[in-house]
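Everything on this sheet refers to the single structure shown next.
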Amino acid sequence: MTVVTRFAPSPTGYLHIGGARTALFNWLFARHHGGKYVLRVEDTDKKRSTQDAIDKIFEGLSWLGLEHDGDVVFQSQNAGRHAEVAAQLLAEGKAYHCYCSPEELAEMREKAKEGGSTRVYDNRWRDRDPSEAPAGIEPVLRIKMPLDGETTISDLVQGDVTRTNDTLDDFVILRSDGTPTYMLAVVVDDHDMGATHVIRGDDHLNNAFRQYHLYQACGWDIPEFAHIPLIHGADGAKMSKRHGALGVDHYADLGILPETMRNYLLRLGWSHGDDEIISTEQAIEWFDLGSVGRSPARFDMDRLLNLNAHYLKEADPAQLSGIIMALADETSDKSLSTHAQTRLIAGLSGLVQRAKTVNEVVDSASLYLFDAPLPFNDKARSMLAEPETRNHLSELAQILGTITLWDESQLDTAVREYADRNELKLGQVAQPLRAALTGSNVSPGIFEVMVVLGHDETLKRLELASS
RNA sequence: GUCCCCAUCGUCUAGAGGCCUAGGACACCACCCUUUCAAGGUGGCGACACGGGUUCGAAUCCCGUUGGGGACGCCA
């Protein structure tokens, strides 16, 4: 049997962190087993589904690198099939029309709450003769649930979970306008697409019991269920779009790499011994549902950032520099230096070592991407305020101008000698130098900067700063 | 309220009855390195929610308590 998993987001907003992880787990599970991972858009609620949301979700998934197999399924297009199954259930006496008004339902809900019951609907139309139907009211179709006994779901993550059937009421499978509800649609679609494993958020565990009986009513095999714990916010409450969770696009905008997100999300709720840095290839090889934890995890930005710093260092320099230049070009009103690319590639490792996000690299890279004159921050400016320091810089420029072999050790030696001769500590020379060359009090090693900048640009910046 | 689930450092977790004096990672603190900031290195702080069992032995199994979370729609 080949494994078929599916990710089934409802297009009512962006792809949030929890959804992204659900998608990742489905994708990993399918890849691990050499199976199929399909994407299905649950747009049965036309009122709340938007094209914009659909686009955002696709974008998020493709940013994450979770490519699906086959065509995307739009659930709304299967409405006919859903209705057909519903009609069959009605014909077999497994479902029935219910003519309750919203008011009646509200009353029942009230009563259920008072009486301490989980079962809301009181089955008032379950055995009533259709001839008693009030005129002019379009009924909904409800499924008959068992009245006694109990149901056990053998969940691949949560283990055996049992619920007595008297807590399950007859739920609606077809609305009064004839459209299918989510509960019917998922079951029919999962069955039709041959889903073998339904991996989704823990908030669906309760639904699994209802769906279980719907599968049975249809006479279909029940897929394996795996309900993974939800991701909580820092406050410990469910992280959903309604509760201010951010979309993956937000993290992309922040300068988080997709490989970081995959690794981070993977480790949230799943583990493989003490391993922390896990490549996607390893993840595919190792992933299993048995190692998914049963308790919810909190989202931790520090951890994400730390991982991102790691992946930033491992990123391909050519690719990363391309991204950085594009971003810098986009956000700056100055135009990039003709030497931008060569300098950036030469200086990238020094930059990346000091950054946690792509955006931080973009900021720090400006000293290489643009030619002098450069903007100075306050600390750099005050460092260069003393005429004496400017004199030192000017003398230093003279000395550096005579250096023929422009490498770190030559520059290092020359600057140290100058400091010694003037009875200055290296820092007293290096800091003003940094200010002059970078416009900042913080930068990569100053000799590295000089080498990356090259002889001409270095001297040009020194002149500008010392005059 | 009812039903369901969960419970190891602040956070993510390792842990399948003796390997546990409870391990790793992030964060935090200190020191080292050092031209700044980082990175890196070394060390430190820090947890089995509580109470009962079961057992020669329990973080691990059972029960209860407490705490947290989720679900209770003609939403998905």
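Lettering of chains follows the sequences in order, A, B, ..., and the numbering in each one begins at 1.
- When the C1' atom of C74(B) is taken as reference, atom CG of L141(A) falls 11 Å away, rounded to whole Å.
- Going from the P atom of C31(B) to that of G24(B) covers 23 Å, rounded to whole Å.
- Distance from the side chain of K356(A) is smallest to A27(B) among A27(B), G24(B), C72(B).
- Contacts of G445(A) with the nucleic acid, taken as non-hydrogen atoms under 4.0 Å apart, include base atoms.
- Between the NE2 atom of H232(A) and the P atom of G10(B) there is a distance of 19 Å, rounded to whole Å.
- Across all strands, D169(A) comes closer than 4.0 Å to no nucleic acid atom at all (heavy-atom distances).
- E103(A) places its CD atom 15 Å from the C1' atom of G73(B), with the value rounded to the nearest Å.
- Here the side chain of N26(A) pairs a donor or acceptor atom with the backbone of T22(A) at under 3.5 angstrom.
- Using a 4.0 Å heavy-atom criterion, one finds that T162(A) contacts the sugar-phosphate atoms exclusively.
- C72(B) and G1(B) make up a base pair, with Watson-Crick or G-U wobble contacts both under 3.5 Å.
- Within 4.0 Å of I446(A), counting heavy atoms only, lies at least one base atom of the nucleic acid.
- Across U11(B), C5(B), C75(B), the shortest atom-to-atom separation from the side chain of Q158(A) is found for C5(B).
- At a threshold of 4.0 angstrom between heavy atoms, the contacts of K313(A) are confined to the sugar-phosphate backbone, with no base atom among them.
- Counting atom types as modelled, S443(A) pairs no side-chain N or O with a base atom of C37(B) as donor and acceptor under 3.5 Å.
- Among the nucleotides C6(B), U13(B), U35(B), the one closest to any side-chain atom of A297(A) is U13(B).
- Base engagement by P444(A) is indicated by at least one non-hydrogen atom pair under 4.0 Å involving a base atom.
- Ring pair H272(A)/W286(A) is parallel by interplanar angle, where below 30° counts as parallel and above 60° as perpendicular.
- Listed nucleotides: A14(B), C26(B), A76(B). Nearest to the side chain of D302(A): C26(B).
- Surrounding CD of Q51(A) are more than 12 heavy atoms belonging to other residues, nucleotides or ligands, all under 6.0 Å away.
- Using a 4.0 Å cut-off, no side-chain N or O of S176(A) falls inside it from OP1 or OP2 of C74(B).
- Considering only the side chain of N306(A), A27(B) comes nearest among A27(B), C4(B), A76(B).
- G40(B) and C32(B) make up a base pair, with Watson-Crick or G-U wobble contacts both under 3.5 Å.
- Nearest-nucleotide positions on RNA chain B for L205(A) and F447(A) put L205(A) closer to the 5' end.
- A centroid separation of less than 6.0 Å is found between the aromatic rings of Y264(A) and F299(A).
- Within 3.5 Å, a donor on the side chain of R354(A) pairs with an acceptor on the base of C37(B), or the reverse.
- Residue T118(A) is in base contact, counting any heavy-atom pair closer than 4.0 Å across all strands shown.
- For R109(A), whose side chain is taken as the heavy atoms from C-beta onward, the closest listed nucleotide among A7(B), C74(B), C12(B) is C74(B).
- Rounded to whole angstrom, the span from the CG atom of N308(A) across to the P atom of A38(B) amounts to 18 Å.
- Summarising the geometry, the separation between CG on L230(A) and C1' on G68(B) is reported as 13 Å, rounded to the nearest angstrom.
- When rounded to the nearest whole Å, the span between CH2 of W286(A) and C1' of U13(B) equals 15 Å.
- The number of heavy atoms from other shown groups lying within 6.0 Å of CG (D177(A)) is above 12.
- At the heavy-atom level, R298(A) lies under 4.0 Å from the strands shown only through sugar-phosphate atoms.
- Side-chain nitrogen and oxygen atoms of R175(A) include at least one within less than 4.0 Å of the OP1 or OP2 phosphate oxygen of C75(B).
- Aromatic ring centroids of F225(A) and Y212(A) lie 6.0 Å or more apart.
- H204(A) comes within 4.0 angstrom of a nucleotide base, judged by non-hydrogen atoms across all strands.
- With distances taken from any side-chain atom of E276(A) to the nucleotides A25(B), C26(B), C74(B), the minimum falls on A25(B).
- Not less than 6.0 angstrom separates the ring centroid of H197(A) from the ring centroid of Y37(A).
- Under a cut-off of 6.0 angstrom, the local environment of CD in E138(A) is sparse, with at most 12 non-hydrogen atoms contributed by other residues, nucleotides or ligands.
- A gap of 8 Å separates the C1' atoms of C33(B) and G40(B), to the nearest Å.
- Summarising the geometry, the separation between CZ on R210(A) and C1' on C72(B) is reported as 7 Å, rounded to the nearest angstrom.
- Using the Watson-Crick or G-U wobble rule with both distances under 3.5 Å, A16(B) pairs with nothing in any strand shown.
- Within 3.5 Å, a donor on the side chain of D274(A) pairs with an acceptor on the base of G23(B), or the reverse.
- For the P atoms, the distance linking G52(B) with G15(B) amounts to 28 Å, nearest Å.
- Looking at R48(A), its side chain comes within 3.5 Å of the base of C75(B) through a donor and an acceptor atom.
- Rounded to whole Å, the separation between the C1' atoms of C45(B) and A27(B) comes to 12 Å.
- With P as the reference atom, A16(B) and G51(B) are 24 Å apart, rounded to whole Å.
- Comparing A355(A) and L304(A) against RNA chain B, the residue whose closest nucleotide sits nearer the 5' end is L304(A).
- Spacing of C1' atoms, U54(B) relative to C61(B), comes out at 8 Å, to the nearest Å.
- Side-chain rings of W125(A) and Y99(A) approach one another, their centers coming within less than 6.0 Å.
- Base pairing of G10(B): its partner is C26(B), meeting the Watson-Crick or G-U wobble criterion (both donor-acceptor distances under 3.5 Å).
- Residue contacts shown for V140(A) include a base, since a base heavy atom lies under 4.0 Å away.
- Checking A71(B), A76(B), G24(B) against every side-chain atom of D203(A), the shortest atom distance belongs to A71(B).
- Q353(A) comes within 4.0 angstrom of a nucleotide base, judged by non-hydrogen atoms across all strands.
- Ring-plane geometry between F25(A) and F287(A) is classed as tilted, the angle between the planes lying from 30 to 60 degrees on a 0 to 90 degree scale.
- Residue T44(A) places its side chain closer to A76(B) than to any other of U11(B), C3(B), A76(B).
- For the pair R416(A) CZ and U35(B) C1', the computed distance is 8 Å after rounding to whole Å.
- With hydrogens and angles ignored, a donor-acceptor pair closer than 3.5 Å exists between the side chain of R303(A) and the base of C12(B).
- At the heavy-atom level, R119(A) lies nowhere under 4.0 Å from the strands shown.
- Comparing the P positions of U8(B) and C3(B) gives a spacing of 25 Å, expressed to the nearest Å.
- Here the side chain of M183(A) is nearest to one of A76(B), A14(B), C3(B), namely A76(B).
- Between the C1' atoms of A39(B) and A59(B), the separation comes to 37 Å (whole Å).
- Between the side chain of R267(A) and the base of A25(B), no donor-acceptor pair under 3.5 Å is found.
- Here G51(B) sits opposite C63(B) as a Watson-Crick or G-U wobble pair (both hydrogen-bonding atom distances under 3.5 Å).
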